Amino acid sequence: MSSEHEEPGAAQDARAGDDLVPAQEGQSEQERRNRRLARLRAAAARWDSQPSLLDAAARLRRRLPGDERYGDPLSSAGDEPVNVLARGVSALQPDRPSVVHELGLTGLQLWQSLSEGAGRGRGDQELAILFTDLVGHSKWGLEAGDTAVLGMLREVGGVIEGAIADHDGRIVKRLGDGVMAVFTDGGAAVEAALDGPRALEGVEVEGYRPQMRAGVHCGRPRKLGNDYLGVDVNIAARVGAAAKGGQVLVSDATCQSLDPERLALGRPKRLRASGVPKELRVCTVEAATEQ
C-alpha cells in the first residue's frame, strides 16, 4: 500500500539519492542537505561539460547575428552596459568548457547585435576614418623636457578634439600626440582635419609651434567594443603617416564624398606603403579659398 503522503518527483529523487549513501549516525539535517546539493552540483557540472551540448552552443553562436567571439577583452571594451556584462560573464569562465557560460555570452552577443541594429552602435556602416599626429617635435621635446611636452600635448589635444566634435566626429582613441576618429561623412572628416592645422597656428609652447598632419580614408571598418579594426583602419593610418606637416591627405575612396566647390584636391598619386592596396591613390586637400 502506498503511504498517505507521497512526495513530488524531485523530492523523491533527492530522498532516493539519500538512500544510496547510508546516513552516518548522528548526521544532522543540514549535513544531509549539503550532501544532496553536492550531488546536484556534480550532476550539473557533468551536464555542463557534455561535448555534444558544447558543440551545439558553438553552432548556435555562429548562426546568430553579431560577433561569435563576443566577450573577449577586445570585443567587450567600453562602458556600455552590454560590454560591462560581457566582461563580467567572461571573468566567470570556469576551468573547463561550459555550456552555461557559452549560452550566457550567446545572449549578450545577440543583445549587442540588436542594439547596433537599433542605432545604438555603428555596426557594418560606411565611415570616414581620420588619423592625426604631430611632426618634428621630438628634438624640441628632448630639450624642453616632459613638463613642456605635456603642456603642448594638452593644448594640441584640446584644439584637435574640439575640431572633431564641431564636425560631429567621435574620437575612438588617443595615440600619444595624435588621435583616431570616425565620422559618418567624409566631407565632415576632411573639414575637421583642415580645421586642426588652422587652429594650431595660434598655439606656441616655449618657442615651439606644433605642426599636425592628417589622413582620411572611407571604408567599412569592423567595430569591436569601442574600437575599430580591419584593412580600412590600416589604410587610414598609412594615409595619415604619408602626409607632411600641415598637410591633409585623403584616399581616392574619400574624394568621392567631397564637395569640389568647398575643397580643392591635388593631383592623385599612388600611395607606396606596406599594407595598402597597390591601386590606392591619395591626394592633398585644401579649402578652395586657399588656392
Side-chain angles (χ1 to χ4, degrees), residues 122 125-137 152 155-172 174-175 177-204 208-221 228 230-291:
R122 293 183 182 272
Q125 180 180 353
E126 184 80 19
L127 294 172
I129 309 162
L130 166 67
F131 274 89
T132 75
D133 71 342
L134 300 180
V135 295
H137 68 89
M152 182 270 292
E155 286 201 49
V156 170
V159 168
I160 303 305
E161 293 180 23
I164 292 170
D166 288 343
H167 293 281
D168 298 322
R170 184 175 74 81
I171 294 175
V172 177
R174 293 163 180 82
L175 305 166
D177 60 356
V179 299
M180 171 187 171
V182 291
F183 300 74
T184 57
D185 177 72
V190 172
E191 293 281 2
L194 290 171
D195 285 352
R198 285 196 291 262
L200 285 179
E201 292 176 0
V203 175
E204 181 177 349
Y208 173 73
R209 293 182 178 275
Q211 272 197 317
M212 187 192 91
R213 62 182 176 182
V216 180
H217 171 67
C218 291
R220 290 181 176 269
Y228 290 87
V231 173
D232 288 314
V233 174
N234 293 335
I235 292 175
R238 299 295 190 275
V239 173
K244 299 177 181 179
Q247 192 177 67
V248 177
L249 277 185
V250 298
S251 66
D252 47 7
T254 307
C255 294
Q256 301 171 14
S257 62
L258 303 182
D259 182 355
E261 295 184 359
R262 294 174 55 86
L263 301 168
L265 300 177
R267 184 169 61 88
K269 297 181 179 180
R270 178 183 168 188
L271 178 61
R272 299 179 183 275
S274 62
V276 301
K278 292 182 179 179
E279 67 276 9
L280 182 71
R281 298 291 188 272
V282 296
C283 61
T284 59
V285 59
E286 299 176 347
T289 56
E290 295 180 0
Q291 283 186 304

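On a predicted model such as this, the values are computed, not experimentally measured, just so you know. These numbers come from the heavy atoms of this one structure, side chains and all, not from hydrogens, waters or symmetry mates. The chain is numbered in sequence order, starting from 1.
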Exercise. Side chain of R213, backbone of A243: donor and acceptor closer than 3.5 Å?
Worked result: yes

Seminar exercise, completed: Correct closest heavy-atom pair for I129 and V182 would be CG1-CG1, 4.4 Å

Exercise. Going from CG on D185 to CD on E126, what distance comes out if it is rounded to the nearest 0.5 angstrom?
Worked result: 10.5 Å

Exercise. Between L265 and T284, is any pair of side-chain heavy atoms under 4.5 Å apart?
Worked result: no

Seminar exercise, completed: Taking every heavy atom of M152 against every heavy atom of P210, the minimum-distance pair comes out as SD-CB, 4.2 Å

For this session: Decide yes or no for P221 and L127: does some side-chain heavy atom of the first lie under 4.5 Å from some side-chain heavy atom of the second?
Result: yes

Problem set entry | Distance-minimising heavy-atom pair for Y228 and M180 | CB-CE, 3.9 Å

For this session: Evaluate the salt bridge (Lys or Arg N to Asp or Glu O under 4.0 Å) criterion for residues E201 and R209: first the C-alpha distance (whole Å), next the side-chain angles of each, then the deciding distance (0.1 Å), finally the verdict.
Result: CA-CA 7 Å; E201 292 176 0; R209 293 182 178 275; over 6 Å; no

Exercise. Hey, mind stepping through Q247 and L249 against side-chain contact (heavy atoms from CB on, under 4.5 Å) and telling me if it holds?
Worked result: CA-CA 7 Å; Q247 192 177 67; L249 277 185; 4.0 Å; yes

Exercise. Less than 4.5 Å apart, any side-chain heavy atom of L175 and any of T132?
Worked result: no

For this session: Apply side-chain contact (heavy atoms from CB on, under 4.5 Å) to the pair L200 and I160, showing each step before the final yes or no.
Result: CA-CA 8 Å; L200 285 179; I160 303 305; 4.2 Å; yes

For this session: Apply side-chain contact (heavy atoms from CB on, under 4.5 Å) to L258 and V190, showing your working.
Result: CA-CA 8 Å; L258 303 182; V190 172; 3.7 Å; yes

For this session: Would you please name every residue forming a side chain to side chain contact (heavy atoms under 4.5 Å, CB included) with Q211, sequence neighbours left out?
Result: V135

Problem set entry | Straight-line distance of R272 CZ to K278 NZ, nearest 0.5 Å | 10.5 Å

Seminar exercise, completed: Taken to the nearest 0.5 Å, the spacing of H217 NE2 from I235 CD1 works out to 4.0 Å

Exercise. Can R262 and E191 be counted as an ion pair, charged N to O under 4.0 angstrom?
Worked result: yes

Seminar exercise, completed: Rounding to 0.5 Å, atoms CG (D232) and CZ (R220) come to a distance of 9.5 Å

Problem set entry | Heavy-atom pair with the smallest gap, counting every atom of L271 and A242 | CD1-CB, 3.6 Å

Exercise. Heavy atoms, side chains only, cut-off 4.5 Å: are C218 and S251 in contact?
Worked result: no

Problem set entry | Closest non-hydrogen atom pair, A189 against V216 | CB-CG1, 3.9 Å

Exercise. Do you know which two heavy atoms are closest between A193 and V248, and how far apart they sit?
Worked result: O-CG2, 3.7 Å

Exercise. Quick check: does any side chain N or O of D133 sit under 3.5 Å from a backbone N or O of D177, one acting as donor and the other as acceptor?
Worked result: no

For this session: Kindly compute the distance separating CE (M212) from CZ (R198), expressed to the nearest 0.5 Å.
Result: 10.0 Å

For this session: Decide side-chain contact (heavy atoms from CB on, under 4.5 Å) for I164 and I171; before the verdict, give the C-alpha distance in whole Å, the side-chain angles of both, and the deciding distance to 0.1 Å.
Result: CA-CA 8 Å; I164 292 170; I171 294 175; 4.1 Å; yes

Exercise. Taking C-beta and beyond as the side chain, do K269 and R281 meet within less than 4.5 Å on heavy atoms?
Worked result: no

Problem set entry | Side-chain ion pair, E279 and R270, N-O less than 4.0 Å | no

Seminar exercise, completed: To the nearest 0.5 Å, atom CZ of R170 lies from atom OG1 of T184 at 11.5 Å

Exercise. Is there a side-chain contact between F131 and V179, using heavy atoms and a 4.5 Å cut-off?
Worked result: no

